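Have a look at the structure below before the remarks.
For the single chain, residues carry numbers from 1 onward in sequence order. Model, not experiment: these values are computed from the prediction.
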Amino acid sequence: MRALLSVELRRLAARRLVAALAVLAILGIAVTGIILAVQSGRGPDASNTFALVNVRNVLEGTSFLLLIGGWVVGASFVGAEWQAGSLTTLLTWEPGRIRILAAKAIACAVGLFLLALAIQALFALVLWVVAATRGTTVGANAAWVRGVAGVTLRVGVASALFGLLGLSVAMVGKNTGAAIGVAFAYLAVIEGLIRGLRPGWRPWLLGDNAGLFVVGHASAGSP
């Protein structure tokens with residue numbers, strides 16, 4: 001099992017989709033940092049000054065991108081192999097379907113968790129540089145550090161869970177596009193209809209629970 005898990009981890013790290021998403025994340029972080037650095041401190045008052053204490057809000061606000069990215073990576077991790085026929089070939093010499101699925105699931109969860117942590121750490125570092133040079137670091141105390149660390153870990157876990165959901169749907173449908181289509185149809189359409197027609201069901205919705213998990217507490221007015 002250890003050898004199989006090691007192979008799956010390397011397979012995940014070697015996927016071009018993972019590299020492409022990582023590059024996009026880095027570019028997005030760089031652009032965001034530049035915009036904040038340019039805009040911070042401008043104007044007649046300090047209202048535009050970027051404060052380091054806002055990092056937690058920024059990480060929470062952008063967490064959905066990592067969750068959706070996790071779903072896409074998880075779906076493609078097995079969906080692409082089904083479509084290429086490599087997973088079928090693998091099963092001819094490794095008949096333990098459960099072992100293979102377990103190894104892929106563990107590798108997907110661990111890989112996405114670590115990737116989410118790395119991206120958020122880089123994002124927080126860039127925001128810290130902006131705040132230290134163009135904004136303010138007032139209020140960034142030990143409690144703030146614990147709060148940011150908690151958000152980072154929760155986003156990492158949520159990203160891994162969304163990756164497992166995408167992997168599971170793709171494993172059943174044997175297709176990456178089917179898994180991504182299911183995610184869009186459910187999260188963007190079905191849950192939207194439920195929120196409008198049955199507000200009392202919101203505590204059971206995946207999107208609402210994911211947001212609550214990331215934030216760590218219920219917001220005012222939440223059902």
Side-chain angles (χ1 to χ4, degrees), residues 1-25 62-120 152-194 201 203-214:
M1 182 64 177
R2 182 178 300 177
L4 188 58
L5 180 58
S6 176
V7 169
E8 295 300 336
L9 283 170
R10 292 198 300 271
R11 193 193 303 271
L12 178 66
R15 289 196 59 80
R16 285 178 292 180
L17 176 62
V18 174
L21 290 178
V23 170
L24 286 176
T62 56
S63 62
F64 75 97
L65 295 174
L66 290 175
L67 270 56
I68 296 301
W71 186 296
V72 172
V73 170
S76 69
F77 191 36
V78 296
E81 292 192 37
W82 274 119
Q83 291 174 274
S86 57
L87 189 54
T88 303
T89 303
L90 176 61
L91 291 173
T92 61
W93 60 268
E94 175 58 61
R97 182 182 293 262
I98 300 301
R99 277 167 43 86
I100 292 175
L101 179 58
K104 289 185 177 296
I106 294 173
C108 179
V110 172
L112 286 173
F113 176 76
L114 295 177
L115 181 61
L117 291 188
I119 290 175
Q120 290 179 99
T152 301
L153 290 174
R154 289 193 296 272
V155 172
V157 172
S159 179
L161 292 176
F162 267 63
L164 291 178
L165 287 174
L167 182 145
S168 300
V169 176
M171 195 69 181
V172 173
K174 300 181 180 181
N175 188 282
T176 302
I180 296 176
V182 167
F184 175 80
Y186 178 74
L187 294 174
V189 180
I190 296 177
E191 285 203 350
L193 291 174
I194 292 176
W201 293 5
W204 303 96
L205 298 181
L206 176 61
D208 290 70
N209 280 284
L212 180 60
F213 177 75
V214 168

Write down the atom of Ala109, the atom of Ala160, and the distance for their closest heavy-atom approach. O-CB, 3.4 Å
Mind checking the OG-CG spacing from Ser159 to Leu112? Nearest 0.5 Å is all I need. 5.0 Å
Are Leu101 and Leu167 side-chain neighbours, meaning at least one heavy-atom pair lies under 4.5 Å? yes
To the nearest 0.5 Å, tell me how far Tyr186 OH sits from Leu205 CG. 5.5 Å
Does any non-hydrogen side-chain atom of Trp204 lie less than 4.5 Å from one of Ile194? no
Minimum-distance pair of heavy atoms, taken over all atoms of Cys108 and Phe77: CB-CD2, 4.1 Å
Taking all atoms of both residues into account, what is the closest heavy-atom pair of Gly166 and Ala179, and its distance? O-CB, 3.8 Å
Just verifying a value: how many Å separate Trp71 CH2 and Leu164 CG, rounded to the nearest 0.5 Å? 10.5 Å
Kindly give the heavy-atom pair with the smallest separation between Ile119 and Ala25, and that separation in Å. CD1-CB, 3.9 Å
Is Thr176 close to Val72 at the side-chain level, that is, under 4.5 Å between some pair of heavy atoms? no
Note, Leu165 side chain near Val169 side chain (heavy atom, < 4.5 Å): no
If you define the side chain from C-beta out and look only at heavy atoms, does anything of Leu187 sit under 4.5 Å from Ile68? yes
So, for Ala75 and Ala170, which heavy atoms are closest and what is the spacing to 0.1 Å? O-CB, 3.3 Å
To check you understand the geometry: which heavy-atom pair defines the closest contact between Gln120 and Thr152, and what is its length? NE2-O, 3.0 Å
Mind checking the CD-CD1 spacing from Glu8 to Ile106? Nearest 0.5 Å is all I need. 10.5 Å
Spacing of NZ belonging to Lys104 relative to CG belonging to Leu5, to within rounding of 0.5 Å: 11.0 Å
For a 4.5 angstrom cut-off between non-hydrogen side-chain atoms, does Leu206 reach Phe162? yes
Checking side chain to side chain contact (heavy atoms under 4.5 Å, CB included) between Leu12 and each of Val7, Val18, Leu17, which is the one that passes? Val18
CG of Leu67 to OG1 of Thr62, rounded to nearest 0.5 Å, is 10.5 Å
